[in-house]
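Quick caveat, the model's predicted, so the values are computed rather than measured.
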Amino acid sequence: MPLYEVYHSYPLTIEQRQTLAKSITDLHCTTFTTPSFFVHVRFIAHDPRDQTYFTAGKPRTVNSNRIICTVRTSPARLKSDFETLAGKIEDAWYNAVNGHTLAGDEFGGETAIRRLLMVTFIPMVAIREGGMTLPEAGKENDWLQDQLSFIKQMSERSGMEDFAEMLQELKEKKYLKSLLKEGEEPNKF
């Protein structure tokens, strides 16, 4: 569903990328009651000295760190939900890069290269993923009921471990159990 693209001029270690990807995934999943199977995070390194990123009509050569996410939207997802999520993602960036969030007076000097310029959300019109047309945001319950047999079938095929992991997550994560029909046992699928 969402595709988070982390453009970074600050060189991130594999540990920093893993920490940030896990944080973004967890934040998105808990904010919008989404199985982690659908959350994609991609890292794209960029050298700002190549002068391909501009701000105010001038090349930005200090950094180009930003996170752009394409997401499903609907009246069920308020602008304030995305604003809150953006703030938490910004904190996750600084926790991954610095080991703590930054106060405003910590920007400048050496920290300028680690500064995150923006977190942006872009709405998507439609998406097809994993062989399924995904529902409008906020309409996951009925959709999941319709897709459970397909998800189970895919989870039993070789090389489709991500479907099996999604089923396991639906069984274990408290915030995802709300996607199941009332009284339904997650072990039945």
Side-chain angles (χ1 to χ4, degrees), residues 1-32 34-137 159 162 165-166:
M1 283 181 227
L3 171 59
Y4 286 87
E5 295 181 302
V6 181
Y7 295 87
H8 61 97
S9 52
Y10 182 74
L12 299 173
T13 66
I14 185 63
E15 291 83 13
Q16 289 169 323
R17 290 191 304 266
Q18 179 65 53
T19 297
L20 185 56
K22 174 122 179 52
S23 294
I24 288 172
T25 299
D26 291 346
L27 288 166
H28 189 94
C29 290
T30 56
T31 300
F32 297 121
T34 303
S36 61
F37 171 88
F38 294 110
V39 180
H40 303 266
V41 181
R42 178 176 182 235
F43 290 87
I44 304 151
H46 175 250
D47 183 349
R49 296 171 299 175
D50 71 4
Q51 297 188 11
T52 59
Y53 188 82
F54 287 70
T55 301
K58 296 179 268 183
R60 182 166 185 88
T61 58
V62 176
N63 82 36
S64 61
N65 304 318
R66 63 204 184 278
I67 300 173
I68 312 293
C69 181
T70 307
V71 294
R72 295 177 308 137
T73 60
S74 79
R77 293 185 175 180
L78 304 175
K79 182 178 182 282
S80 61
D81 295 332
F82 288 106
E83 290 167 345
T84 299
L85 180 57
K88 290 177 180 179
I89 289 171
E90 185 175 44
D91 286 346
W93 166 270
Y94 290 116
N95 281 325
V97 171
N98 298 319
H100 63 87
T101 58
L102 287 182
D105 61 350
E106 292 185 72
F107 288 116
E110 186 181 318
T111 62
I113 62 170
R114 294 189 298 256
R115 194 179 92 168
L116 184 64
L117 299 176
M118 69 180 83
V119 177
T120 303
F121 293 98
I122 300 169
M124 68 175 71
V125 175
I127 182 170
R128 186 154 175 88
E129 182 175 351
M132 301 171 284
T133 299
L134 300 183
E136 178 183 333
D162 47 355
E165 290 169 4
M166 179 172 41

How many angstroms lie between [atom1] in [X] and [atom2] in [Y], if you round to the nearest 0.5 Å?
X: Thr19; Y: Ile14; atom1: OG1; atom2: CD1; answer: 9.5 Å
X: Ile89; Y: Met118; atom1: CD1; atom2: CE; answer: 14.0 Å
X: Leu27; Y: Lys22; atom1: CG; atom2: NZ; answer: 10.0 Å
X: Asn98; Y: Gln16; atom1: CG; atom2: CD; answer: 8.5 Å

Closest non-hydrogen atom pair between [X] and [Y], with its separation:
X: Ser64; Y: Ser9; answer: N-OG, 2.8 Å
X: Thr133; Y: Arg128; answer: OG1-NH1, 2.7 Å
X: Tyr53; Y: Thr55; answer: CE2-OG1, 3.8 Å

Subject >> Arg66 NZ/CZ over Tyr7 ring centroid, <6.0 Å and within 45° of normal >> reply: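 Yes, cation above the ring, under 6.0 Å and within 45°.
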Original post:
Given Met124 and Leu3, is the side-chain contact (heavy atoms from CB on, under 4.5 Å) satisfied, shown in steps?
Top reply: CA-CA 10 Å; Met124 68 175 71; Leu3 171 59; over 6 Å; no
Can a donor-acceptor pair be found, under 3.5 Å and without considering hydrogens, that links the side chain of [X] to the backbone of [Y]?
X: Asn65; Y: Leu117; value: no
X: Tyr4; Y: Ala21; value: no
X: Arg17; Y: Leu20; value: no
X: Asp26; Y: Ser23; value: no

**OP:** Assess whether side-chain contact (heavy atoms from CB on, under 4.5 Å) is satisfied between Val6 and Val41, documenting all intermediate values.
**Re:** CA-CA 7 Å; Val6 181; Val41 181; 4.1 Å; yes
Heavy-atom side-chain proximity of [X] to [Y] below 4.5 angstrom:
X: Thr31; Y: Arg77; value: no
X: Phe43; Y: Glu5; value: no
X: Phe32; Y: Leu85; value: yes

**OP:** May I ask you to check whether over 12 heavy atoms, not counting those of Glu136, lie within 6.0 Å of atom CD?
**Re:** yes
**OP:** Go through the steps to decide whether Arg114 and Asn63 satisfy the test side-chain contact (heavy atoms from CB on, under 4.5 Å), and finish with yes or no.
**Re:** CA-CA 7 Å; Arg114 294 189 298 256; Asn63 82 36; over 6 Å; no
Original post:
Pick one: which of Met166, Met1, Glu165 meets side chain to side chain contact (heavy atoms under 4.5 Å, CB included) with Phe37?
Top reply: Met166
Show me, pair by pair, the donor-acceptor contacts under 3.5 angstrom made by side chains of residues 67-76, not counting sequence neighbours?
| unit_1 | atom_1 | unit_2 | atom_2 | d |
| --- | --- | --- | --- | --- |
| Arg72 | NH1 | Pro135 | O | 2.5 |
| Arg72 | NH1 | Glu140 | OE2 | 3.4 |
| Arg72 | NH2 | Glu140 | OE2 | 2.6 |
| Ser74 | OG | Ala76 | N | 3.0 |
| Ser74 | OG | Ala137 | O | 2.7 |

Original post:
Phe121: what forms a ring-ring contact (aromatic ring centres under 6.0 Å, His included) with it, not counting sequence neighbours?
Top reply: Phe82
